[in-house]
Amino acid sequence: MAAARPVRVRIAPSPTGDPHVGTAYIALFNYVFARKTGGKFVLRIEDTDQTRARADSEGMIFDALRWVGLTWDEGPDVGGPHAPYRQSERRQHYVDHAKLLLESGAAYRCFCTEDRLAKLRVQQQAEKRTSGYDRQCRGLDPAAGRDRAAGGEAHVVRLKMPLEGPITFKDQLRGEVVRQATEFQDQVLLKSDGLPTYHLANVVDDHLMEISHVIRAEEWISTTGIHVVLYAAFGWEPPEFIHMPLLRNPDKDKTKISKRKNPVSINYYRDSGYLPQALLNFLGTMGWSFGGDREKFTLAEMIEAFAWERVSLGAPVFDLKKLTWLNEQYIHEMSLDELAERFIAWRLNKDYLVKLLPLAQKRIKKLDELIPLTEYFFSGDLDYTPLHAEMGVPEVTPVDVSKALLAFVERFEAREGWSTEMIEQEMTAWTEAVGWKVSHAKGLIRVAVTGRKSSPELSAVMAALGKEISRRRLRKAAEYIASGGKAKQ
RNA sequence: GGCCCCAUAGUCUAGCGGUUAGGACGUCGCCCUCUCACGGCGAAAACAAGGGUUCAAGUCCCUUUGGGGUCACCA
């Protein structure tokens, strides 16, 4: 390890969907470490996968991170000495660096088609051999490769991993991690579309942006070997590696936290009434402890008390109950004025009312009728018990009803945005797909989303309610139905 | 399955060789009280197992078991 460099850390989210709590979690530790050490906290957008990138995602990530209060010193929207901070705008860096590796012989061009790779995989699986690229192009004459590439032949650039020997790196929290070179593939560095893979972009950017400590989730530990080989190939000094434990799903399923099973979007927490300071505090107790018996602390206090020694490595379960309790503590101690401001920022504001009013205006005779009529617009999870009788479809088993509801939710996973039109489209398609009477199909969704037998036009209600709340209620209803009415509310 | 990481109550954790194994969420009980909350008090609940090392092991080592991660032209 070299002499201490100025601390520079980064959070590098991929704009592929909703802002993830895992992003906030890792951002928190990066942020706290930067503040603790007087270093810089950088936000970098890793949008090198054009097939998965979603246009609305980046802005949501900015908003969500700002909402919890983790602000960055350098980033795509605020600029900085190492701009641009969006990988799609740094393409030339990756191409240049890939070329460097090609020239030094640390990488090679691979002309294997996806087709051949797929067949190879099938064959390897059949023979129960370890899978992976067979390095067919590794032995190709570099000059010939250059010519073929110049001739326009599609190819990728692969890293020449060592063939044998140990590959080790030091994780600040775990010590030396040792793996064998034979366990690695010749990882693709530059894709055939000319964009880099995570490994190349990450290493190049971290170096160019002078990142001193890579603080990321544990899922990256198994690919860090590739990164250290890359650093060595470039002749660069690698940063310190610190892998934080992974947040996990509650209940029997203890896999890493995922949106199919739990609300994972920061927007969900915001929309369902959690306070940013409570969420941040809660995240701070995941894998880290303040010391003593302290569990409630502010960001500033966490920075003050922060030390890596206080990180525990067991992957924590993200349990809403404790988050809710913390949130309660913050609400109770808040000044009335502050609390009022919170409510206003949350839903008691003109923006939100303007969304509801079109749905309510023609249904009320006096102002006093609004709140009772639109009560479900100000709720989080609903209680389905009184509606039990309404939550079935004739001739269909509860399990199938539940599955159908889940299938409806799934329709939105791949789609960008959230609008009345889009919801209407999916609902129509779904209604046809399930083949139930429209009144049954939509009735089911109505009860799930509003907790009532009657409501304004569903797609408009869902649009106003927001994606996260709508999604969660549909899932909860599915859960309720599948459990035969016994699911805890 | 190979490899890697991890292991104190249902959950989050304290513990860094000698503790009646501490705190918190949740659960249950009692008290407060016009109700409901809040609050207060209390209870049940953990060192995964087996071997070592040591005068002494939740703490150090090994094995087993369990959980997780990862094995892409995704990050």
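Residue numbering restarts at 1 for every chain, and letters A, B, ... go by the order of the sequence lines.
- For the P atoms, the distance from B/C61 to B/C6 is 11 Å, rounded to whole Å.
- Heavy-atom distances to RNA chain B give each of A/Cys110 and A/Arg294 a nearest nucleotide, and the one nearer the 5′ end belongs to A/Arg294.
- Between the P atom of B/C3 and the CD atom of A/Gln185 lies a distance of 15 Å, rounded to the nearest Å.
- For the C1' atoms, the distance linking B/G23 with B/U19 amounts to 14 Å, nearest Å.
- Contact between the side-chain N/O atoms of A/Thr48 and the OP1/OP2 oxygens of B/A75 is found at a separation under 4.0 Å.
- Taking a pair to require two hydrogen-bonding distances under 3.5 Å in either a Watson-Crick or a G-U wobble arrangement, B/C34 remains unpaired.
- Rounded to whole Å, the P atom of B/U11 lies 24 Å from the corresponding atom of B/G1.
- The two residues A/Asn249 and A/Ile257 make their nearest non-hydrogen contact at OD1-CA, 3.4 Å.
- Remark: A/Asp205 engages A/Arg90 in a salt bridge, criterion side-chain N to carboxylate O under 4.0 Å.
- Between the P atom of B/C6 and the CG atom of A/Leu247 lies a distance of 18 Å, rounded to the nearest Å.
- In this structure, of B/A75, B/C71, B/C4, it is B/C4 that holds the atom nearest to the side chain of A/Ile221.
- Listed by first and then second residue, the ring-ring contact (aromatic ring centres under 6.0 Å, His included) pairs that reach into residues 108-127 of chain A are A/Phe111-A/His155, sequence neighbours excluded.
- Partner assigned to B/G1 is B/C71, using Watson-Crick or G-U wobble distances below 3.5 angstrom.
- Partners of A/Tyr85 under the ring pair (Phe, Tyr, Trp, His ring centres under 6.0 Å) rule, at least two apart in sequence or in another chain, do not exist in this structure.
- Straight-line distance between the P atoms of B/C30 and B/C36: roughly 13 Å, to the nearest whole Å.
- Residue A/Leu189 contributes atom CG, which lies 12 Å from atom P of B/C73 at whole-angstrom precision.
- A salt bridge links A/Glu58 to A/Arg86: one of the charged nitrogens lies within less than 4.0 Å of a carboxylate oxygen.
- Between A/Tyr198 atom OH and B/A72 atom C1' there is a gap of 15 Å when expressed in whole angstrom units.
- Listed here is the closest heavy atom pair of A/Phe290 and A/Glu301: CE1-O, 3.5 Å.
- Straight-line distance between the C1' atoms of B/U8 and B/G22: roughly 11 Å, to the nearest whole Å.
- B/C32 and B/C41 have their P atoms separated by 15 Å, given to the nearest Å.
- Distance from the side chain of A/Asp49 is smallest to B/C74 among B/C5, B/G68, B/C74.
- Protein atom CG of A/Leu120 is 17 Å distant from nucleotide atom P of B/C71, rounded to whole Å.
- Rounding to whole angstrom units, CD1 of residue A/Ile226 and C1' of B/U70 are separated by 10 Å.
- Residue-level contact check: A/Val177 touches the backbone only, with heavy atoms under 4.0 Å from sugar-phosphate atoms and none from bases.
- Applying the side-chain hydrogen bond (donor to acceptor under 3.5 Å, both in side chains) test to every pair with at least one member in residues 14-28 of chain A, sequence neighbours left out, gives these pairs: A/Asp18-A/Arg471.
- Rounded to whole angstrom, the span from the CE atom of A/Met244 across to the C1' atom of B/C5 amounts to 14 Å.
- Under the Watson-Crick and G-U wobble criteria, each requiring two contacts below 3.5 Å, nucleotide B/A43 is paired to B/U27.
- A/Ser57 places no side-chain N or O within donor-acceptor distance of the main-chain N or O of A/Arg54, the cut-off being under 3.5 Å.
- Residue A/Glu218 is the one, among A/Lys321 and A/Glu218, whose nearest nucleotide of RNA chain B lies closer to the 5' end (criterion: closest heavy atom).
- Residue A/Pro196 is classed as a sugar-phosphate contact, given heavy-atom separations below 4.0 Å to backbone atoms only.
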Would you mind building the protein contact string for nucleotides 7-14 of chain B? One character per nucleotide, 5' to 3', B for base within reach (heavy atoms under 4.0 Å), S for sugar-phosphate only, - for untouched. ----SBSS

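- Between A/Lys252 and B/G66 there is no side-chain N or O to OP1 or OP2 distance below 4.0 Å.
- Ion pairing between a basic and an acidic side chain is recognised when a charged N comes within 4.0 Å of a carboxylate O; A/Arg8 and A/Glu74 show such pairing.
- Within the nucleic acid shown, A/Thr51 has no heavy atom closer than 4.0 Å to any nucleic acid atom.
- Within the structure, ring-ring contact (aromatic ring centres under 6.0 Å, His included) pairs that include any residue of residues 299-318 of chain A comprise A/Phe33-A/Trp308, A/Tyr269-A/Phe318, A/Phe282-A/Phe318, A/Trp288-A/Phe306, A/Phe306-A/Trp308 (at least two apart or interchain).
- As the counterpart of B/A9, no nucleotide is assigned, since no Watson-Crick or G-U wobble pattern has both distances under 3.5 Å.
- With a 3.5 Å ceiling on both atom-pair distances, the Watson-Crick or G-U wobble partner of B/C60 is B/G52.
- Note on A/Lys296: nothing from the nucleic acid sits closer than 4.0 angstrom, heavy atoms only.
- Rounded to an integer number of Å, the gap from CD of A/Glu183 to P of B/C5 is 10 Å.
- A salt bridge links A/Glu46 with A/Arg44: at least one charged nitrogen is closer than 4.0 Å to a carboxylate oxygen.
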5' to 3', nucleotides 35-47 of chain B under a 4.0 Å protein heavy-atom cut-off (B base, S sugar-phosphate only, - none) gives ---S---------

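- Nucleotides B/A56 and B/C71 place their P atoms 46 Å apart, quoted to the nearest Å.
- Among the heavy atoms of the strands lying under 4.0 Å from A/Arg52 is at least one base atom, whether or not backbone atoms are also near.
- Rounded to whole Å, the C1' atom of B/A46 lies 13 Å from the corresponding atom of B/C12.
- Checking side-chain atoms of A/Gln329 against main-chain N and O of A/Lys296 turns up no donor-acceptor pair under 3.5 Å.
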